[in-house]
Amino acid sequence: MTASALTRPGQRERLPVKLAEIDWRLVGLLCLVAGVGAMMLYSLGGTSWEPWAANHLIRVGFCLVMMLVLALVDLRLWFALAYPVYLAGFVLLIGVELFGYTAMGAQRWLDLGFMRLQPSEIMKVGIVLALARWYHGTSAKDAKLSWKLLIPIAMIGAPVLLVAHQPDLGTAMLIALTGAAIMFMAGLSWKLILAAGAAFVAAVPPFIMFVLHEYQRERILTFLNPEADPSGAGYHIMQSKIAMGSGGFLGKGYGLGSQSQLEFLPEKHTDFIFAALSEEFGFVGSFTVLAVFAAIILISLRIASLSHSHFGRLAAGGVTATFALYILINGAMVMGLAPVVGVPMPLLSYGGTVLLTVMVGFGLIQAVRVHRYLELPKGRGLF
């Protein structure tokens with residue numbers, strides 16, 4: 001089907017949306033990165049499909065089918081569900097505060113009996129949808145500089161505070177930075193951006209001293225000087241840097257990484273899988289994976305730019321920003337350029353929750369592409 005067969009402004013949709021309208025380049029690149037993740041998990045599991053690689057492939061297969069189904073969902077339905085999804089996520093976050101399940105010193109889950117739900121993952125998608133819908137009905141003047149900007153700031157700040165209190169600083173950072181990215185894409189004034197940056201810098205010291213938990217302050221101090229406690233608080237960063245540095249230009253070879261295979265590298269299958277990849281495949285391997293990530297981001301931004309609706313542009317751009325932030329924060333973390341905040345590398349790291357969230361986001365991006373000629377109403381109401 002050609003682009004002209006789709007709905008254009010002022011025309012009625014005559015033909016059903018086809019799978020051919022999906023960007024299969026993007027699907028292929030996502031599968032490629034997920035495949036590299038499975039390959040690394042196979043290596044890190046002692047050249048065995050258990051305990052991680054097989055489960056990873058099963059989850060990827062399920063999420064891939066789900067993404068293709070979501071790609072065919074009418075963008076008007078995404079638009080109608082924007083506020084309800086955000087409100088549902090916010091209510092569930094309040095539920096976590098009241099009677100959430102606690103594990104490893106954090107209260108982040110709701111125990112439903114048959115599963116444990118992490119509402120902060122719902123909020124990663126909810127904040128993108130809600131802000132995209134709000135700005136869809138906002139004038140360019142108000143988006144640039146207006147008292148009405150207090151509304152999106154509150155929409156971002158409320159869930160960020162709840163998530164940070166769990167505590168989950170990594171997810172709180174992702175939600176906050178994603179929200180800021182959408183505000184920027186919507187046309188936020190540079191004056192406000194500079195003022196917010198100055199306020200952020202001024203707020204960092206008191207935030208570290210009076211808001212963060214003791215272990216979070218320790219992580220930041222460790223980031224600043226990991227050599228002060230190389231066998232304790234600085235162990236994660238030190239071992240990650242050793243693994244990445246020892247890989248050299250071409251790496252030690254598949255399955256031959258000493259730091260990861262001999263269990264020196266902590267969380268090698270989740271937060272620090274990129275360090276393990278760098279050890280086995282060196283600079284060439286890690287650069288190649290980052291190049292694929294860059295291609296995914298560029299294609300997604302291109303899809304955002306083609307949308308005829310402001311909602312579609314901001315929704316696709318917001319999901320792309322979240323994906324890019326995952327890569328940026330995890331990459332900086334494993335290289336010792338940022339504190340360890342528990343943000344995984346998307347599609348590479350083992351873990352079903354983040355994989356599900358990321359693929360739902362790409363389902364939204366594909367839906368924006370499939371329905372790129374669709375125009376949406378300007379109202380900000382719930383329906």
Side-chain angles (χ1 to χ4, degrees), residues 33 36-48 50-53 55-56 103-106 167-171 173-174 208 212-290 293 325-351 354:
V33 177
V36 172
M39 182 183 70
M40 285 304 305
L41 292 169
Y42 181 85
S43 171
L44 297 174
T47 62
S48 171
E50 299 295 337
W52 304 308
N55 286 337
H56 180 73
M104 296 178 291
D168 187 353
L169 188 58
T171 300
M173 286 175 56
L174 274 172
I208 293 174
L212 294 185
H213 292 256
E214 180 62 33
Y215 81 94
Q216 292 173 322
R217 284 195 291 271
E218 187 176 83
R219 283 182 177 180
I220 293 175
L221 294 175
T222 299
F223 153 67
L224 296 174
N225 186 21
E227 291 80 6
D229 189 9
S231 60
Y235 183 79
H236 286 66
I237 294 178
M238 292 293 294
Q239 292 300 320
S240 179
K241 291 167 71 174
I242 290 171
M244 296 191 76
S246 64
F249 189 71
L250 295 176
K252 294 181 176 180
Y254 184 57
L256 300 177
S258 58
Q259 299 302 114
S260 55
Q261 299 293 339
L262 298 178
E263 306 296 335
F264 289 107
L265 182 65
E267 305 297 334
K268 61 184 181 181
H269 64 299
T270 53
D271 292 354
F272 290 92
I273 193 170
F274 190 72
L277 183 146
S278 298
E279 183 181 30
E280 294 192 2
F281 294 98
F283 172 81
V284 172
S286 56
F287 179 82
T288 301
V289 170
L290 290 177
F293 276 138
L325 286 167
Y326 266 117
I327 299 165
L328 179 64
I329 294 174
N330 180 270
M333 186 179 75
V334 300
M335 288 186 285
L337 302 176
V340 177
V341 291
V343 174
M345 186 64 82
L347 301 172
L348 284 181
S349 296
Y350 181 77
V354 171

Practice prompt. Indicate yes or no: at least one non-hydrogen side-chain atom of Tyr326 is less than 4.5 angstrom from one of Phe293.
Written response: no
Worksheet item: Step by step, would you call Leu290 with Ile327 a side chain to side chain contact (heavy atoms under 4.5 Å, CB included)?
Response: CA-CA 9 Å; Leu290 290 177; Ile327 299 165; 4.2 Å; yes
Worksheet item: For Pro266, what residues pass the side-chain contact (heavy atoms from CB on, under 4.5 Å) criterion, not counting sequence neighbours?
Response: Tyr235, His236, Gln239
Discussion item. To the closest 0.5 Å, what do you measure between NZ (Lys268) and CE (Met40)?
Written reply: 9.5 Å
Worksheet item: What residues form a side-chain hydrogen bond (donor to acceptor under 3.5 Å, both in side chains) with Ser349, not counting sequence neighbours?
Response: none
Discussion item. Just by distance, no angles: are the side chains of Gln261 and Ser43 close enough, under 3.5 Å, to form a donor-acceptor pair?
Written reply: yes
Worksheet entry | Euclidean distance, Met345 CE relative to Ile329 CD1, rounded to 0.5 Å | 11.0 Å
Item to complete: Tell me, please, which residues at least two apart from Phe287 pass ring-ring contact (aromatic ring centres under 6.0 Å, His included).
Response: Phe283
Practice prompt. Please round to the nearest 0.5 Å and tell me the distance separating atom CD of Glu50 and atom CG of Leu41.
Written response: 11.5 Å
Response to the item:
Rounded to the nearest 0.5 angstrom, the CG-CG distance for Asn330 and Leu325 is 12.0 Å
Worksheet entry | Euclidean distance, Leu337 CG relative to Lys241 NZ, rounded to 0.5 Å | 8.0 Å
Worksheet item: Less than 4.5 Å apart, any side-chain heavy atom of Met244 and any of Val334?
Response: yes
Worksheet item: Under 3.5 Å, side chain of Tyr254 to main-chain N/O of Met39, donor-acceptor pair present?
Response: yes
Using residues 269-276 as the side-chain source, report each donor-acceptor pair under 3.5 Å to any protein atom, sequence neighbours left out, with the distance given to one decimal.
residue: Thr270; atom: OG1; partner: Glu267; partner atom: OE1; Å: 3.2

Discussion item. Suppose the criterion is salt bridge (Lys or Arg N to Asp or Glu O under 4.0 Å): which pairs have a residue in residues 273-284, not counting sequence neighbours?
Written reply: Lys252-Glu279
Worksheet item: Of all residues at least two apart in sequence or in a different chain, which pass the side-chain contact (heavy atoms from CB on, under 4.5 Å) check with Ala338?
Response: Ala332
Discussion item. Within this structure, what is the CD1-CZ distance for the pair Ile242 and Phe264, rounded to the nearest 0.5 Å?
Written reply: 9.5 Å
Worksheet item: What are the two closest heavy atoms between Val284 and Thr288, and how far apart are they?
Response: O-OG1, 2.7 Å
